[in-house]
Amino acid sequence: MKKIIAMPFKLIRRLYDWTLHWSKTKNSNYALFGIAFLESSVFPIPPDVLLIPMVVFEPKNWYKKALICTIGSVCGALVGYYIGRIFYDTVGLAIINFYDLHHAMSIVGEKYSNYAFLSIFAGAFTPIPYKALTLSAGIFRVSLPVLIIASILGRGGRFFIVAAAIRIFGKKIQNVIEKYFNILSLIFFIMLICGFLAFKYLI
């Protein structure tokens, strides 16, 4: 049983270490953009994992790192949007079937008709899967400027807050992540599950 439980943590640890190693390369800025981009569509590790050590190493450039992260994430959100808008019958439907979001889609459609901006903006700060929100935005033809502005404010607010916190508290936060990695991974999974449930039943 312990081996079965340990397997997800080992996988996450490998992804975490793989993500983290990019912070020490000359291509770190490109890696930060790429991971932020992919996290908005497929990659499971949030770009904060890479953003934190990069700000620790270059605290004076914390705002530049946050900006790169924001741009990458917003570009990734556009991919999710166009998957929902153009490729719904293939890729979009496959994602919906995989996560069993059929019922949620009808609720989200109603919410988007009245609260599109707030729904997308809130998704940037909560455990609700952001890629599911951007996919829905494409399916229900949410205005592209609304998606972009809400994403810039939401994702930008999140990453700038994280980067500013690291600028202030420095390496202490990274040390806490390293020391309590398994516990934080468990919390991350619980939050992720709660996010999907919230998206499916509450939004």
Side-chain angles (χ1 to χ4, degrees), residues 15 19 22 29-51 64-163 188 191-203:
L15 285 173
T19 302
W22 286 104
N29 286 339
Y30 296 106
L32 181 61
F33 177 91
I35 289 174
F37 178 89
L38 292 173
E39 188 267 340
S40 292
S41 53
V42 294
F43 195 61
I45 302 297
D48 312 64
V49 170
L50 185 54
L51 178 64
K64 292 182 180 179
K65 308 303 181 184
L67 181 61
I68 292 171
C69 213
T70 301
I71 294 173
S73 186
V74 172
C75 289
L78 292 176
V79 172
Y81 176 85
Y82 280 109
I83 287 175
R85 182 153 188 165
I86 300 175
F87 303 106
Y88 170 75
D89 291 333
T90 52
V91 182
L93 192 58
I95 295 173
I96 291 171
N97 289 334
F98 181 80
Y99 291 112
D100 189 24
L101 297 175
H102 296 278
H103 174 67
M105 285 298 153
S106 61
I107 299 176
V108 170
E110 181 180 347
K111 295 291 184 181
Y112 270 0
S113 64
N114 299 310
Y115 311 106
F117 182 90
L118 290 177
S119 298
I120 296 170
F121 177 79
F125 284 95
T126 65
I128 294 171
Y130 194 64
K131 45 187 142 300
L133 289 171
T134 57
L135 173 68
S136 302
I139 293 172
F140 295 108
R141 300 295 196 268
V142 170
S143 169
L144 193 56
V146 169
L147 173 70
I148 294 173
I149 295 172
S151 296
I152 290 174
L153 294 177
R155 299 299 261 184
R158 168 180 163 175
F159 296 134
F160 273 86
I161 288 173
V162 169
F188 171 76
M191 291 179 65
L192 189 64
I193 292 171
C194 290
F196 273 104
L197 291 175
F199 180 78
K200 190 172 180 179
Y201 298 110
L202 301 178
I203 289 186

Cys75 side, atom SG; Leu38 side, atom CG - distance, nearest 0.5 Å = 11.5 Å

Nearest-0.5 Å distance that lies between atom CG in Leu135 and atom CD1 in Ile83 = 7.0 Å

Output yes when a side-chain donor or acceptor of Ser151 lies under 3.5 Å from a complementary backbone atom of Leu147, and no otherwise.
-> yes

Got Leu67 and Phe159 here, is their nearest side-chain heavy-atom distance under 4.5 Å?
-> no

How about Phe87: does its CZ atom have over 12 heavy atoms from other parts shown lying under 6.0 Å from it?
-> no

The reported gap from SG in Cys69 to CZ in Phe37 (rounded to nearest 0.5 angstrom) is 13.5 Å

Which pair of heavy atoms, one from Pro47 and one from Ile35, lies closest together, and at what distance?
-> CA-CG2, 4.1 Å

All side-chain contact (heavy atoms from CB on, under 4.5 Å) counterparts of Ile86, not counting sequence neighbours = Tyr82

Interatomic spacing from CG in Leu51 to CZ in Phe160 - rounded to 0.5 Å = 9.5 Å

Any idea which heavy atoms bring Leu50 and Ala31 closest together, and the distance?
-> CD2-C, 3.7 Å

Between atom NZ of Lys64 and atom CG of Leu32, what is the distance when rounded to the nearest 0.5 Å?
-> 14.0 Å

Is Arg155 close to Ser40 at the side-chain level, that is, under 4.5 Å between some pair of heavy atoms?
-> yes

Looking at side-chain heavy atoms only, is the closest gap between Leu144 and Leu78 below 4.5 Å?
-> yes

Approximate separation, where rounding is to 0.5 Å, of Leu153 CG and Thr70 OG1 = 10.0 Å

Any side-chain heavy atom of Lys65 sitting closer than 4.5 Å to one from Asn29?
-> yes

Do Tyr81 and Ile148 come close enough that some side-chain heavy atom pair is under 4.5 Å?
-> no

